[in-house]
Amino acid sequence: MSSGGRESAGRSPLAQSNPTNGAQVKPGLVPTNNISTSEGLTVRARIDPTLTVDDVVKQLCINLQIKDPPGNFALRDDTDELVTNDNLRKKIKTKVNLKLVNAPSREARETADKLRQRNEKTIRLTLFSLQKYIREEQFAQEFINHDGLSELVDVIYTTNGNTLAYALIAMQNLMELDYGWANLDDNFIFQVVQILSSPHSLINVCRPATAILKKLVEADPTTASGPQHASSSRTPPNVPPGSVYRYGFHVVFKQMRKEKGLLETVVSRLGSADTAMAQYSSQNILNSMMLINSLLTHASDVRWEEFISDLERLNVRKAVVRLMSLHTIEDLTSCILDFQANIIRVTYRKKTTLVDPEEELHAAALQYIWENSKLQEEPDQDGLTQKWRKLGFDSEDIVQEFNEVGVLGLDCLKKFVETVPDFSKIVLEQLSRPEQRRCPIAKASNEVVELLSEHWAIFAPGYSTSTTFQPFFLDFYKVHSLATHFFLRMWSESGAAFGDFPRVAALVRSQVKVALRSENVRAWHEVEHDFIECEYRAVRDRQMKELELEDDLLSKVPVRNLRAKLYKESYEFVRQQRIQCLLQGAWFVNALPQSSPRDAVRRPSRPWRFMRLDNGLKYLHYVDSAVKFPVRDGLEDLPERIDISMISEIATGTCVAPPNVLRDQNDLPPTSPSAPSPLSFSLLSAHEGSLADQIALDQSRWADWTDGLNMLRRDGGHVSSKETAGFVQALTEIGLKIKLLDLSGEMVEIPSGLVPGPPPTNTDFCYSDLS
């Protein structure tokens, strides 16, 4: 190394000169970087890319005659990014300006000491630096070892305003690590809950507070092994000492219950989208949606019903439906689709939860229905009690009557009763008719639940292929009420008798398809019109035409159940195929944000990016390149990576192609230079903006990656491409037809339903010993 224009031995891998002394680097030794020190000195240095960062820092300390040990120092660029062995070559190649600064470990100790001193004049600056450096492993390790976490927690307890915002952001960034914050206790969680529920908290305070709660909810013991579908039914595994995966829904919700206003505040923030502060609150709305989705995904068995009841009471569905109509907040699309997928989980769980007359809420709902019918129990001709049969059930066994529709059917019947002021008159009207002519109201309600579940593919938790908004689905109870009224009207207008129940159900199925078509673009009043105004003759004529094209076999209950089973298998097959595409990797174009000024944009030096998912499904590894080249198997050629857990949303149609990169790609649809590419997508973080902006080279690759990444996310589950949704539907239909061909070939008669046989007359039997 040379200093002041003098060159050291030729074997030295690093040479420098001091421009402040007017020295020039010798010919042949072109400086690669300018390096500044905390004393204001700037040197021009030539750094050998084969060196390690430690060697570079050591050489600098020797040449600058710095007496402190080289281990106390490190290099950063102008954006304060730490120079490491992984990015040193990149910094040299791009000739970025570097700074010789405190090493992360030394900076961490000083930062912890400053937090301990709590100097009001410098605390904000300290916290501002902390939120930048805390993501670095060396800094974080030393900060935690130096008891910095407890000092940061204490700052959160005792400050407010912008100081509190900086402290919460620092904590949020620290929690991106999978270690170091396992000792956050219930008091801290409750403090964050109180901050978030306070109406006086600033937007920049609520944002990180919401993210912290979301992270705590997701730090469930069952998610420690990597991305997977959350399941509240599994027994939590033992938590290893020091693991941060020791919290989860039950821990957070316990503190949320102490602060009654939290959920109200979070849901109310969804309504701020149409206020004058929309431009400032959109990020707050996004974070609130993400917290609600996280709570829905990870809700545990013990508090599940209480939590869902709270959300229903706060009309969260109505708030989300309003967000669907606000086209100004495009970033919410993925969150709303996630919410829809979560509500499908909720609906499916209710449908598969048996009604228990001994359970308080179930008993209250049954009592409400019975009282509003204004009927009296009385014996029938055989002397047996007649109660629920008067409402249209086939028997008095209420558990068996709701067996197929569960608590969902009970809730729907109760909501139907609530929306009909003269429900008792409807019941009495049916009872006044001859027994064979009565419409079984309760049975019709349950049938409508089945028809709507089939229409919206509510087959299993975590399986949603909707690529568009479904506002009518979120109004499930309201649609059920309309369709049940329609069922009663069709029964009367067609002069149906007891044996005509399947025929009337087929009419309702036909009308459901028509009324709920294209629900992402139709208005609610059109749905009401289709159910209320449509005449029997028109419905019957249309249904007859449909029957010419369809097989009546498909409407039978066993076939519907078979379709549900095949749908789940098809979804899982497509999911594994999409993830396999991510594991193989693919080339993409590095795109530009749509807001970039086109006249100032130049072709980037490395416009191509190859991305591949690691086998652990935790990181996307990638490399940027000037040209496409054969990438070897494994991760050796892919030095950079993106943490999957950092991805909060996969936004589509967000960016434009750089100039003169895609001229030879004839498969890409033409777009204007300023219009976003339909094959573009962005990996968005909740607080860092975009982690990657890419353009796929064809429609199939775009669908593989956008849907594969969505299916991979813990709080995801929805698909965004019609191609993937079409694959799932096509596989389901093909599988169904193959199964039915097997049955038809054997001339097997499929019944409309199965009736269990009588129990054995005695238990005087045993199993033979086959051994």
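Note that the structure is a prediction, hence the values are computed from the model and not measured. Just so it is clear, the values below take in all heavy atoms, side chains as well, and ignore hydrogens, waters and symmetry mates.
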Enclosure of Tyr179 OH (heavy-atom neighbours >12, cutoff 6.0 Å): yes
Side chain proximity check, Cys655 to Leu592, heavy atoms < 4.5 angstrom: no
Aromatic ring proximity, centroids under 6.0 angstrom, Trp304 and Phe249: no
Donor-acceptor pair between Asp698 and Ser700 side chains, under 3.5 angstrom: no
Note: Glu572-Lys568 ion pair, threshold 4.0 Å (strictly below): no
Pair Thr654, Asp693: side-chain N/O donor-acceptor within cut-off below 3.5 Å: no
Pairwise side-chain contact, Leu684 with Leu691, heavy-atom cut-off 4.5 Å (strictly under): no
His455 side chain to Leu451 backbone, donor-acceptor under 3.5 Å: no
Aromatic ring proximity Trp524/Phe472, centre distance under 6.0 Å: yes
Verdict with reasoning, Asp310 to Phe253, per side-chain contact (heavy atoms from CB on, under 4.5 Å): CA-CA 12 Å; Asp310 287 344; Phe253 192 66; 4.1 Å; yes
Audit row: Glu569, Leu731, side-chain contact (heavy atoms from CB on, under 4.5 Å) steps and yes/no: CA-CA 9 Å; Glu569 293 176 357; Leu731 287 172; over 6 Å; no
Exam field: side chain Arg609 to backbone Ala692, donor-acceptor pair closer than 3.5 Å: no
Check: Phe588 ring centre within less than 6.0 Å of Phe681 ring centre: yes
Salt-bridge present (Asp704, Arg701; N to O < 4.0 Å): no
Between CG on residue Leu613 and CZ on residue Arg641, distance to nearest 0.5 Å: 12.5 Å
Worked verdict on Phe469 versus Thr333 for side-chain contact (heavy atoms from CB on, under 4.5 Å): CA-CA 8 Å; Phe469 293 159; Thr333 299; 4.1 Å; yes
Intermediate values then yes/no, side chain to side chain donor-acceptor pair (under 3.5 Å), Gln694 and Asn590: CA-CA 5 Å; Gln694 312 301 146; Asn590 284 323; 3.2 Å; yes
Test item: side-chain donor near acceptor, Thr419 and Ser481, under 3.5 Å: yes
Lys258, NZ atom: more than 12 neighbouring heavy atoms under 6.0 Å: yes
Steps toward side chain to side chain donor-acceptor pair (under 3.5 Å) verdict (Thr652, Thr706): CA-CA 8 Å; Thr652 58; Thr706 54; over 6 Å; no
Pair Glu259-Gln255, side-chain donor/acceptor within less than 3.5 Å: no
Any side-chain heavy-atom pair of Leu617 and Ile644 under 4.5 Å: no
Side chains of Arg517 and Asp530 in contact at under 4.5 Å (non-hydrogen atoms): yes
N/O donor-acceptor pair under 3.5 Å between Ser680 side chain and Val656 backbone: no
Any donor-acceptor pair under 3.5 Å from Arg257 side chain to Lys254 backbone: no
Pair Glu733-Gln729, side chain to side chain donor-acceptor pair (under 3.5 Å): steps then yes or no: CA-CA 6 Å; Glu733 295 303 319; Gln729 296 295 344; over 6 Å; no
Any side-chain donor near an acceptor of the partner, Arg612 and Gln584, under 3.5 Å: no
Matching residue for Gln131 among Leu168, Leu174, Ile169 - test: side-chain contact (heavy atoms from CB on, under 4.5 Å): Ile169
For the student: nearest non-hydrogen atoms of Tyr622 and Met611, plus distance: CB-CG, 3.7 Å
Where Thr732 and Tyr567 come nearest, the two heavy atoms and their spacing: OG1-CA, 3.4 Å
Spacing of Asp411 atom CG and Glu418 atom CD [to the nearest 0.5 Å]: 9.5 Å
Whether Ser570 side chain and Leu566 backbone form a donor-acceptor pair below 3.5 Å: yes
Parallel, tilted or perpendicular: ring planes of Tyr247 versus Trp181, cut at 30 and 60 degrees: parallel
Separation of Ile336 CD1 from Gln340 CD (nearest 0.5 Å): 8.0 Å
Criterion salt bridge (Lys or Arg N to Asp or Glu O under 4.0 Å) on Lys351 and Glu450, from CA distance to verdict: CA-CA 9 Å; Lys351 188 171 182 288; Glu450 287 279 24; 3.4 Å; yes
Test item: Leu213 and Ile189 side chains (from C-beta on) under 4.5 Å apart, heavy atoms: yes
Which atom of Leu697 lies closest to which atom of Leu679, heavy atoms considered: C-CD1, 4.4 Å
Distance (rounded to the nearest 0.5 Å) between Phe339 CZ and Arg317 CZ: 7.0 Å
Side-chain ion pair, Arg303 and Glu306, N-O less than 4.0 Å: yes
Pair Arg207, Asn287: side-chain N/O donor-acceptor within cut-off below 3.5 Å: no
Derivation and outcome, side chain to side chain donor-acceptor pair (under 3.5 Å), residues Asn293 and Asp338: CA-CA 7 Å; Asn293 280 331; Asp338 284 343; 4.7 Å; no
Charged N-O contact under 4.0 Å between Arg349 and Asp301: yes
Straight-line distance of Leu582 CG to Met711 CE, nearest 0.5 Å: 11.0 Å
Full working for side-chain contact (heavy atoms from CB on, under 4.5 Å) between Val521 and Thr468: CA-CA 10 Å; Val521 295; Thr468 57; over 6 Å; no
Pairwise distance CZ(Arg135) to CD(Glu176) - rounded to 0.5 angstrom: 4.5 Å
Atom of Cys335, atom of Met289 and distance for their closest heavy-atom approach: O-CE, 3.6 Å
Side-chain heavy-atom pair Met324, Leu474 within 4.5 angstrom cut-off: yes
Glu264 backbone acceptor or donor facing Ser268 side chain under 3.5 Å: yes
Residue pair Met171 / Phe188, side-chain heavy-atom distance below 4.5 Å: yes
Ala182 to Val244 - nearest heavy-atom pair and separation: N-CG1, 3.8 Å
Validation row: Ile458, Phe473 side chains within 4.5 angstrom (heavy atoms): yes
Where Leu270 and Ser288 come nearest, the two heavy atoms and their spacing: CD2-CB, 3.9 Å
Heavy-atom donor-acceptor pair, Thr265 side chain to Ser197 backbone, under 3.5 Å: yes
